[in-house]
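Quick caveat, the model's predicted, so the values are computed rather than measured. Remember, it's 1-based here, ligands and their atoms both numbered in the order they're listed.
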Amino acid sequence: MSKRVVLVTGGTGLVGSGIQAVLSDPEVKAHHDNDEFIFLGSKDCDLRDMAVCEALFEIYHPTHVIHLAAFVGGLFINMAKPVEFYNDNLTMNNNIIQCSHKFGVEKLVSCLSTCIFPDKTTYPIDETMVHNGPPHSSNFAYAHAKRMIDVANKAYNQEYGCKFTSVIPTNIYGPHDNYHLQNSHVIPGLIHKFYNAKKNGTDMTVMGTGAPLRQFIYSEDLAKLFLWTLRDYDSVEPIILSVGEEEEVSIKDVVMAIAEAMEFKGQITFDTTKADGQFKKTASNAKLRTYLPDFKFIDIKAGIKKSVDWFVANYDIARK
Ligand code: NAP
Ligand code: GDP
């Protein structure tokens, strides 16, 4: 087999670091002995700039692209910065898709999210429902920008026969996340806040009611599934990469698991004046299970323990 050059945009982030980590597992590596991976972050290139993107493709000549780079964040920054979520993501995604076509990339796998699905829907959500109605108002700009990846993938396939596809992960967590106190997703945000509260001997106030439900996937589980998609998933239609519906947990469950992993002994209260976001976005992994019936996901409590331990051990270098 000829050598494959795999360009991973957003390769320094949560998911990109997960892919780097699982490639050191001999079982995973065995599938990629012939592949050269290039992991790029925003310090290497600003993918919002088409000239920069074209230069990248000219330098590396990727045969395959995993497109992770995005303007990413939790509920509160999504509500505060809809313009950046819309513009940055739409521009980066269009640049990568156009360059992948222009430079003859054999396969492009981009990343959607379960938060792009319609707010008013039936459950469980599946891959056929991406465009069925407006997304939740808290992240409408990010959601619409992401949905356009699926539109572009289908357009490029119809007109040029391109093999461009996308995956739909649920909420992701793990080492190397963004632990910013205001802008991050719920798990890394709470890990950082519990860490500070423990260090300062203060109580913890959690934003929202704790009632919303989420499916969380550990970054290294997602990384293995991303690599499987790159190798073996041949459809242009998106595929949900998620734990099962029975693994859905409440934000309160997550709070308690983080407190336990952190050995936090103070009081925990919920500030119900703060936003809850979408109540749930329960997704079906039935399609994934038709391909990989035996794939084992790490249990959420074990994953949270690993994530807390990573943050404590790497506090000085963690993104925050
Ligand atoms: P992340 O940790 O925030 O990483 C984002 C990556 O994108 C970083 O490598 C960052 O580089 C890079 N990046 C940002 N802006 C860029 C720019 N203008 N030019 C070039 N690179 C840029 O995000 P993640 O959680 O790994 O997300 C990966 C993908 O999963 C994204 O497409 C996201 O939408 C999707 N997703 C995430 C979640 C979740 O819960 N995290 C859930 C569903 C889907 P620097 O680190 O150098 O800034
Ligand atoms: P979402 O799944 O897209 O809504 O994204 P998040 O990861 O931001 O999770 C939001 C949910 O967690 C909401 O119900 C918030 O009220 C709750 N939450 C509690 N504490 C925090 C926090 O410190 N940061 C974030 N982002 N959400 C929090």
Side-chain angles (χ1 to χ4, degrees), residues 8-20 39-49 52-53 56 66-79 84-85 87-89 91-93 95-96 109-116 135-136 138-139 142-143 145-146 149 166-194 204-219 222-223 226 240-242 250-252 254-255 258 268 270-281 283 319:
V8 184
T9 73
T12 55
L14 168 65
V15 181
S17 301
I19 295 178
Q20 295 196 43
F39 293 90
L40 300 175
S42 67
K43 286 175 199 71
D44 305 300
C45 52
D46 185 347
L47 298 177
R48 293 171 300 181
D49 183 336
V52 169
C53 282
L56 271 184
I66 294 180
H67 175 42
L68 303 173
F71 187 74
V72 186
L75 169 65
F76 297 98
I77 190 174
N78 264 278
M79 294 194 299
E84 288 75 3
F85 274 93
N87 279 338
D88 288 10
N89 287 316
T91 309
M92 273 192 256
N93 299 339
N95 287 348
I96 288 294
V109 183
S110 300
C111 199
L112 311 182
S113 165
T114 48
C115 65
I116 76 168
H136 191 264
S138 61
N139 64 4
Y142 173 77
K146 284 279 186 189
I149 290 177
S166 61
V167 300
I168 312 179
T170 47
N171 293 52
I172 310 162
Y173 72 105
H176 299 275
D177 211 331
N178 172 10
Y179 298 88
H180 193 279
L181 289 168
Q182 280 82 41
N183 298 343
S184 65
H185 287 103
V186 56
I187 290 184
L190 287 176
I191 289 177
H192 193 176
K193 288 173 189 170
F194 270 103
M204 257 299 287
T205 303
V206 176
M207 291 191 283
T209 62
L213 302 173
R214 297 287 184 269
Q215 286 153 297
F216 290 95
I217 183 167
Y218 189 63
S219 54
L222 179 62
F226 241 111
I240 292 173
L241 303 182
S242 170
S250 71
I251 298 297
K252 188 172 180 197
V254 166
V255 169
I258 295 172
I268 303 170
F270 289 83
D271 180 352
T272 57
T273 65
K274 296 290 189 307
D276 263 350
Q278 199 161 4
F279 178 64
K280 66 176 188 174
K281 36 192 174 175
R319 277 188 292 161

Taking non-hydrogen atoms only, is [X] closer than 4.0 angstrom to ligand 2 via side chain, backbone, both or neither?
{"X": "Asn171", "value": "side chain"}
{"X": "Leu75", "value": "both"}
{"X": "Val206", "value": "side chain"}
{"X": "Lys193", "value": "side chain"}

Test of understanding: given a 4.0 Å heavy-atom threshold, classify the contact between Arg319 and ligand 1 as side chain, backbone, both, or neither.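 Contact part for Arg319 vs ligand 1: side chain (C-beta onward).
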What I'd like to find out is whether the side chain of [X] reaches to under 4.5 Å of the side chain of [Y], using heavy atoms alone.
{"X": "Asn171", "Y": "Lys281", "value": "yes"}
{"X": "Thr9", "Y": "Phe39", "value": "no"}
{"X": "Ser250", "Y": "Pro212", "value": "no"}
{"X": "Tyr173", "Y": "Ile217", "value": "no"}
{"X": "Lys193", "Y": "Met204", "value": "yes"}

Provide, to 0.1 Å, the distance between [atom] and the closest protein heavy atom, together with that atom's residue and name.
{"atom": "atom 4 (O) of ligand 1", "answer": "Gly13 CA, 3.4 Å"}
{"atom": "atom 3 (O) of ligand 2", "answer": "Lys281 NZ, 3.3 Å"}
{"atom": "atom 5 (C) of ligand 1", "answer": "Ala70 O, 4.0 Å"}
{"atom": "atom 13 (C) of ligand 2", "answer": "Asp276 O, 3.1 Å"}
{"atom": "atom 44 (C) of ligand 1", "answer": "Leu112 O, 3.3 Å"}
{"atom": "atom 15 (C) of ligand 2", "answer": "Ala275 O, 3.7 Å"}
{"atom": "atom 41 (N) of ligand 1", "answer": "His185 CE1, 3.4 Å"}
{"atom": "atom 19 (N) of ligand 1", "answer": "Leu47 N, 3.0 Å"}
{"atom": "atom 6 (C) of ligand 1", "answer": "Gly10 CA, 3.5 Å"}
{"atom": "atom 11 (C) of ligand 2", "answer": "Ile251 CD1, 3.9 Å"}
{"atom": "atom 29 (C) of ligand 1", "answer": "Leu68 O, 3.3 Å"}
{"atom": "atom 2 (O) of ligand 2", "answer": "Arg214 NE, 2.7 Å"}
{"atom": "atom 26 (O) of ligand 1", "answer": "Val15 N, 2.9 Å"}

Could you list which atoms of ligand 1 come closer than 4.0 Å to a heavy atom of [X]?
{"X": "Tyr142", "result": "33 (C), 34 (O), 36 (N)"}
{"X": "Cys45", "result": "19 (N), 20 (C)"}
{"X": "Thr12", "result": "8 (C), 9 (O), 11 (O), 45 (P), 46 (O), 47 (O)"}
{"X": "Cys111", "result": "29 (C), 30 (O), 32 (O), 35 (C)"}

By number and element, which atoms of ligand 2 are closer than 4.0 Å to a non-hydrogen atom of [X]?
{"X": "Gly74", "answer": "8 (O)"}
{"X": "Pro212", "answer": "14 (O)"}
{"X": "His185", "answer": "7 (O), 26 (N)"}

Non-hydrogen atom of [X] closer than 4.0 Å to ligand 1:
{"X": "Thr170", "result": "yes"}
{"X": "His176", "result": "no"}
{"X": "Tyr173", "result": "no"}
{"X": "His67", "result": "no"}

Can you tell which of [options] gets a heavy atom nearest to [atom]?
{"atom": "atom 24 (P) of ligand 1", "options": "Leu14, Asn178, Asp88, Ile172", "answer": "Leu14"}
{"atom": "atom 45 (P) of ligand 1", "options": "Pro169, Ser184, Ser42", "answer": "Ser42"}
{"atom": "atom 21 (C) of ligand 2", "options": "Asn183, Val186, Asn78", "answer": "Val186"}

Residues two or more places apart in sequence or in another chain: which of them pass salt bridge (charged side-chain N to carboxylate O under 4.0 Å, His left out) with Asp46?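 So Asp46 forms a salt bridge (charged side-chain N to carboxylate O under 4.0 Å, His left out) with Arg48.
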Side chain or backbone, does Asn139 bring an N or O within less than 3.5 Å of an N or O on ligand 2?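 In this structure, Asn139 places no N or O atom under 3.5 Å from an N or O of ligand 2.
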So, 4.0 Å and heavy atoms of Ser184: is ligand 2 close enough to count as a contact?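 For ligand 2, residue contact (heavy atoms, under 4.0 Å) with Ser184 is present.
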Answer yes or no for Met207: is there a heavy-atom contact with ligand 2 below 4.0 Å?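 Judged by the 4.0 Å heavy-atom criterion, Met207 does count as contacting ligand 2.
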Distance-only side-chain donor-acceptor flag, Thr209 / Asp276, under 3.5 Å: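 Asp276 and Thr209 do have a side-chain donor-acceptor pair below 3.5 Å.
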Verify whether one side chain among Asp177 and His185 offers a donor that lies under 3.5 Å from an acceptor in the other.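 Their side chains do not contain a donor-acceptor pair, so the 3.5 Å distance test is not met.
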Are any of the N/O atoms on Ser113, whether in the backbone or the side chain, positioned under 3.5 angstrom from an N/O atom of ligand 1?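 No, since none of the N or O atoms of Ser113 sits under 3.5 Å from an N or O of ligand 1.
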Using atom types as modelled, flag every donor-acceptor pair under 3.5 Å from a side chain in residues 11-20 to any protein atom, sequence neighbours excluded.
from: Ser17; atom 1: OG; to: Thr12; atom 2: O; distance (Å): 3.4
from: Ser17; atom 1: OG; to: Gly13; atom 2: O; distance (Å): 2.6
from: Gln20; atom 1: NE2; to: Gly11; atom 2: O; distance (Å): 3.0

